[in-house]
2 protein chains.
Amino acid sequence: MNPAVADLARDRSRLGRSSTAERVADILRDRISEGFFRPGQRLSEESISEALGVSRNTLREAFRLLGHERLLDHRLNRGVFVRLPSAEDVADLYRVRRVLEGAAVRRTPTPRQLAVIKEAVLDAERAAALDDWQGVGTANIRFHQAIATLNGSPRLDEAVRQLLAELRLVFHVMENPRAFHEPFVERNRALLALIESGRPDEAATYLDDYLDHAEHLLIRAYEPNP
Amino acid sequence: MNPAVADLARDRSRLGRSSTAERVADILRDRISEGFFRPGQRLSEESISEALGVSRNTLREAFRLLGHERLLDHRLNRGVFVRLPSAEDVADLYRVRRVLEGAAVRRTPTPRQLAVIKEAVLDAERAAALDDWQGVGTANIRFHQAIATLNGSPRLDEAVRQLLAELRLVFHVMENPRAFHEPFVERNRALLALIESGRPDEAATYLDDYLDHAEHLLIRAYEPNP
DNA sequence: ACTTGTCGAATTGTTGAACGATCCTTACGT
DNA sequence: ACGTAAGGATCGTTCAACAATTCGACAAGT
């Protein structure tokens, strides 16, 4: 086969994925992620389908997709709600993070992977300097996503992407984002240094402590405000 | 709260999840899992909706669910197909298994968890004695699912459940199930012994070799039969 | 023989309306 | 305070219709 044509094979994935339902799901996912739809809020089929100019059936297909990603909670005969994770959910999310990210930091990164991680650290530091704590949170998520890619597994990348999207729901119910995000800006850099210097065991130990700290902060933020 | 009433909480999950679309998804999932629908086969909306007595819209919601579980492949304007995993998919599935099951075997099991694992080992041995290699495959999957529960995370349990369901698709394209399943009956027992005796590092090492072996067998089975 | 253009059947993508089922609220009666 | 009944709103599901797309076949051109 023609080598120039074979190069096109990479773009093939862009062809198939663009049904209306999936595009609607993309829109809703973004809205949830940015906090436009708040956790716990109900999403009316009628009003949203009307607002987006799609039929209820198509919207329901989109809802199914997001429900499977744990961003929406589908309650029979009551409608879909933006998911509001419980304290037990938070604990489980961190259980998964310890496994997935813990395995990731034990791998030796390629220079390209390392560059992506470093860029995320820098973004967080820049946002912190501007007191943009929402931006710090976003950069933080990119940081951990970049770490997850060290596993070299598309499925694990996708799992981490969903997991962090779910975790972002938790951030939206917190009243004080600065208190939560601030301590981790410098921890990100420290973790990067351990990964970069090729000490996987120390990196893993540091990550465990990192995640413990983050989880305790979140859980504590849940108790005064159930 | 009444302790007898609290016991009912476990059945609560059965209440909500019973829309027609989800029940249809359950049926199709079982059919795919048992090989009634072969990998690569196209599932017609019209004929299946008619056969099950549900509308096309409802069936499409079910298709979305299974597509998200990677059991169906949804190609725009061409319909849904039972997923046919590629060799690269197999490699990635085993990448994930090494991470998730590797983390699991390093945990100390409760007596109850150990009992479930042991039961799966026995089931595989019983099926092997009867030359029921399909049954061995099923017991094998239960064995690894039971191992995954050692992580103590509902999300990881679900991830492993989906992962093994996807792997079962691979089994269905193999021509010789005995050659693949037979060697692992006694390996299951050996791995159980290592877990039971509280030697997590040895168990993890053994599991790595176990998964390497399984992956190589599968990949090799793919090459003569693309 | 190989590629390209065109046509038509079959299937999916999406819509809009309809109706029963279920839930929530409110009001009522005991 | 508690159980109940009525009403409205919304979801669950179906159905029919049409547009959009794919696919195979066949003709035409090189």
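Between B:Arg83 and B:Asp89 there is a salt bridge, since a side-chain N of the basic residue sits under 4.0 Å from a carboxylate O of the acidic one. Comment: A:Arg95 engages A:Asp92 in a salt bridge, judged by a side-chain N to carboxylate O separation of less than 4.0 angstrom. For A:Arg31 and A:Glu34, the salt-bridge test passes: some basic side-chain N is under 4.0 Å from an acidic carboxylate O.
For A:Asn57 and D:dC18, the CG to P distance is 17 Å, given to the nearest whole Å. Atom-to-atom, CD1 of B:Ile48 to C1' of C:dT11 comes out at 13 Å; the value is rounded to the nearest Å. Spacing between atom CG of B:Asp73 and atom C1' of C:dT12 amounts to 15 Å, rounded to whole angstrom units. Atoms CG (A:Leu52) and C1' (C:dT14) sit 15 Å apart, rounded to a whole Å. Atom pair B:Leu59:CG and C:dT11:P shows a separation of 14 Å (rounding to whole Å applied). The distance between atom CD of B:Glu45 and atom C1' of C:dA10, rounded to the nearest whole Å, is 13 Å. What separates CZ of B:Arg64 from P of C:dT12 is a distance of 13 Å, to the nearest Å. In this structure, CD of B:Glu46 is placed 11 Å from P of C:dA10, rounded to the nearest angstrom.
Phosphate contact (OP1/OP2 of C:dT15, side-chain N/O of A:Thr58, threshold under 4.0 Å): present. The side chain of B:Arg56 places no N or O atom within less than 4.0 Å of a non-bridging phosphate oxygen (OP1 or OP2) of D:dC15. Of the side-chain N and O atoms in B:Thr20, one or more sit less than 4.0 angstrom from OP1 or OP2 of D:dT13. Residue B:His74 has a polar side-chain atom (N or O) positioned under 4.0 Å from OP1 or OP2 of C:dG13. The side chain of A:Ser44 places no N or O atom within less than 4.0 Å of a non-bridging phosphate oxygen (OP1 or OP2) of D:dT10.
For the residue pair B:Tyr210 and B:Asn188, a side-chain donor N or O sits within less than 3.5 Å of a side-chain acceptor on the partner. Residues A:His144 and A:Arg97 have side chains that bring a donor and an acceptor to within less than 3.5 angstrom of each other.
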Under 3.5 Å, which protein N or O atoms sit close to an N or O of nucleotides 20-25 of chain C? Give each pair with its distance.
from	atom 1	to	atom 2	distance (Å)
C:dT22	O3'	A:Asn77	ND2	3.4
C:dC24	OP1	A:Arg78	NH1	3.0

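For A:Arg60, taking side-chain heavy atoms from C-beta onward, the closest of the listed nucleotides C:dT15, D:dT13, C:dT12 is D:dT13.
Listed for the A:His172 side chain is a donor-acceptor partner under 3.5 Å among the backbone atoms of A:Ser33.
Aromatic pair B:Phe81/B:His74: centroids not less than 6.0 angstrom apart.
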